[in-house]
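The next block holds one structure in the form of structure tokens; read it before the comments.
Numbers here simply count residues along the sequence, with the first being 1.
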Amino acid sequence: MRFDVAILGGGLAGLTLSLQLRRRFPDLSVVVLERRSHPVPEATHKVGESSVEIAAHYFSEVLGLTEHLDARQLKKFGFRFFFSEGCRDLDSVLELGASTYLATPSYQIDRGIFENYLGERSRECGVEFLDGVTVRGVDLAAGEEPHRVRGERNGAGLGIEARWVIDASGRAGLLKRQLGLAEDNDHDVNSAWFRIGTRIDVNAWSRDAGWLRRCDPPNRWLSTNHLVGEGYWVWLIPLASGSHSVGIVADERIHPLSRINSFARAMEWLHEFQPRLADELESKRDLLQDFMFLRHFSYGCKKVFSGNRWAITGEAGVFLDPFYSPGGDFIAIANTYITELVTHDRAGHPVGSYARIYEQFFMSFYDSTMSLYRDQYRLFGDPEVLPLKVIWDYTYYWGVLCQLFFQGRLTDLPMLSRLREELSGSKALNAAMQGFLRKWSACSRRSNRAVLLDQARLEWFAELNRGLRDVLDDEGFLARMRLTTGQLRALAREIVTTATAEYPMVDGSPVLELLEGTQPGSPSGMLFESAA
């Protein structure tokens with residue numbers, strides 16, 4: 001069989017790419033080769049259930065799946081953090097989150113429901129979706145000859161010829177292994193996770209009427225709830241199937257994997273560090289649906305796009321960290337670049353130079369996002385520093401990467417060239433800020449106040465989120481990027497100035513040196529204390 005594009009893997013990355021390609025080119029012949037049989041079980045055992053703004057926009061607007069998301073998935077009530085280590089009363093600790101929904105939606109994704117729907121949708125769109133396929137190897141051709149994919153299906157040999165081969169095989173990493181592209185990223189973090197066949201509602205953990213009224217609507221269970229402590233965080237994610245996903249993510253140097261690599265050990269660990277959740281789970285042990293752990297789950301890849309008409313997307317290439325849920329975002333970004341490469345190829349353009357440029361941007365986004373996680377787990381239990389890190393990280397995300405994606409500018413090379421100074425400066429400033437946050441946390445007092453730090457009350461922050469949905473022309477986009485990168489500089493100055501006033505021993509000079517030439521300004525209400 002011969003196709004224009006062969007996609008190895010029919011999970012989230014592969015199926016969304018198949019839809020994106022067919023929406024761009026209805027005459028493009030696409031085959032998806034998936035190892036598992038479809039339909040898959042609901043609450044299927046995969047990470048990546050919590051989407052954030054780029055992935056949500058990709059699913060909804062780029063792929064046209066809004067109706068499914070609204071009808072079959074759960075609208076997420078943002079991220080929420082509780083500094084609850086060793087505590088049974090959530091109302092007695094600091095809570096970080098929004099009291100009401102922000103304007104730009106995101107979703108909790110039941111991967112089983114979603115991937116079954118994607119499989120049906122891809123077939124309806126004319127994609128040849130073959131499940132139960134084991135890929136044995138890929139013979140990459142030179143020049144204009146087609147690539148060959150060798151495999152088996154139902155005990156019989158299967159041969160595919162394709163002009164493009166895309167590896168979306170997940171952690172199997174078929175092309176990455178074959179071509180020796182694996183790369184360590186110096187982020188030694190592990191995870192264990194499982195699903196319980198009922199809802200876990202953190203609102204039920206308190207009877208304090210004032211605490212319950214902090215959120216409107218009072219449905220904290222729809223948030224991606226984080227129970228945080230030094231060196232780790234625990235996720236609670238609701239699924240539309242009625243199950244709840246529970247995960248522990250921990251720095252190996254502080255909380256070794258050996259302490260959480262079975263359900264019994266994970267429960268012992270939770271009783272020690274997050275006892276209120278452990279109490280909740282004890283009464284639900286009979287509803288345990290599955291359990292899995294991953295050692296050293298984060299990794300890079302030396303190359304993801306090739307002028308020789310192959311590419312890698314999703315977990316087959318890079319995987320960062322589930323904190324902030326960037327997995328779907330990087331699928332959306334990689335698939336967008338791959339679709340553009342196929343577009344250039346169909347137009348008769350040599351794709352080698354485009355592949356190099358797109359890969360440079362992709363890896364730059366990957367590197368700058370990795371800095372949010374690398375060597376940062378020690379401060380996750382810091383109720384003084386982590387709230388401002390979250391605000392900083394999201395200002396960087398919404399103000400830079402989201403603007404590029406929402407406005408369709410990832411492949412607008414003339415515009416990216418005009419913004420070179422803003423993009424490179426923001427990347428350098430982010431790296432310096434991550435180092436400053438580490439140094440600040442090393443000496444902070446870590447005061448755990450029983451208050452809600454309400455992100456919705458930071459008017460500039462809520463407006464930054466709302467503005468993602470604006471439609472901008474070239475000049476409007478340039479003005480927006482200069483506004484948001486200016487906000488980033490102002491926020492950096494305010495965080496550093498505020499922190500060093502209380503902790504003079506913390507060196508803020510690497511950040512302030514990058515801000516030279518900008519106006520210091522007066523306190524601008526960008527921090528929680530000012531907003532209150």
Side-chain angles (χ1 to χ4, degrees), residues 81 83 94 96 185-189 228-233 251 253-254 320-321 323-324 364 366-401 421-449 453 458 460-461 484-531:
F81 302 82
F83 293 81
L94 189 143
L96 170 66
N185 63 7
D186 194 29
H187 185 50
D188 189 8
V189 182
V228 294
E230 182 175 351
Y232 74 89
W233 59 286
D251 188 319
R253 297 167 296 183
I254 304 170
L320 297 91
D321 191 293
F323 199 72
Y324 299 138
S364 178
Y366 163 78
D367 289 339
S368 60
T369 305
M370 271 304 305
S371 69
L372 310 185
Y373 313 115
R374 192 182 287 116
D375 294 326
Q376 298 294 74
Y377 266 59
R378 287 192 181 276
L379 64 78
F380 281 7
D382 189 334
E384 187 173 3
V385 176
L386 184 65
L388 293 182
K389 172 177 165 57
V390 170
I391 290 294
W392 168 264
D393 293 347
Y394 255 73
T395 304
Y396 183 59
Y397 171 63
W398 288 342
V400 180
L401 191 52
E421 183 176 338
E422 286 83 358
L423 295 176
S424 61
S426 296
K427 182 179 179 181
L429 184 59
N430 175 58
M433 277 298 296
Q434 300 302 328
F436 174 79
L437 291 165
R438 280 194 297 272
K439 290 184 287 188
W440 178 17
S441 183
C443 61
S444 72
R445 299 182 186 91
R446 304 200 170 200
S447 174
N448 196 351
R449 299 171 291 152
L453 296 182
L458 295 174
W460 68 271
F461 189 74
T484 58
T485 54
Q487 285 180 314
L488 200 64
R489 293 191 297 273
L491 179 61
R493 185 180 295 279
E494 194 149 342
I495 290 175
V496 171
T497 301
T498 301
T500 53
E502 187 169 357
Y503 299 95
M505 73 290 291
V506 182
D507 181 13
S509 59
V511 174
L512 296 177
E513 286 171 4
L514 292 172
L515 297 174
E516 285 184 2
T518 63
Q519 292 298 319
S522 57
S524 53
M526 300 189 82
L527 307 186
F528 289 107
E529 289 75 11
S530 300

Can you list the steps and then say if W460 with T395 is a side-chain contact (heavy atoms from CB on, under 4.5 Å)?
CA-CA 10 Å; W460 68 271; T395 304; 3.2 Å; yes

Gap between atom [atom2] of [Y] and atom [atom1] of [X] - 0.5 Å precision:
X	Y	atom1	atom2	result
L96	F528	CG	CZ	5.0 Å
S509	L514	OG	CG	10.0 Å
F323	L372	CZ	CG	9.5 Å
E230	I254	CD	CD1	5.5 Å
L437	L388	CG	CG	8.0 Å
L386	R446	CG	CZ	9.5 Å

Do we see a donor-acceptor contact under 3.5 Å between the side chains of S368 and N430?
no

Do Y503 and E384 have a side chain donor and acceptor closer than 3.5 Å?
yes

Validation row: [X], [Y] side chains within 4.5 angstrom (heavy atoms):
X	Y	result
K389	Q434	yes
S426	R489	no
H187	Y377	yes
Y396	K427	yes
V400	T484	no
R378	D251	no
T369	Y324	no
I391	M526	no

Can you name the closest pair of heavy atoms from [X] and [Y] and give their distance?
X	Y	value
S447	P383	O-CG, 3.3 Å
A432	P510	CB-O, 4.2 Å
F83	P387	CZ-CD, 3.9 Å

SB check R253 D375 (cutoff 4.0 Å):
yes

Among I495, L491, T497, V496, side-chain contact (heavy atoms from CB on, under 4.5 Å) partner for R493:
T497

Applying side-chain contact (heavy atoms from CB on, under 4.5 Å) between F436 and each of V506, D507, L512, report the one that passes.
V506

Ring pair (Phe, Tyr, Trp, His ring centres under 6.0 Å) partners for Y232, two or more places apart
H255, W269, F273

Ring centroid separation W398 to F461 under 6.0 Å:
yes

Could you walk me through whether W440 and T500 pass the side-chain contact (heavy atoms from CB on, under 4.5 Å) check?
CA-CA 8 Å; W440 178 17; T500 53; over 6 Å; no

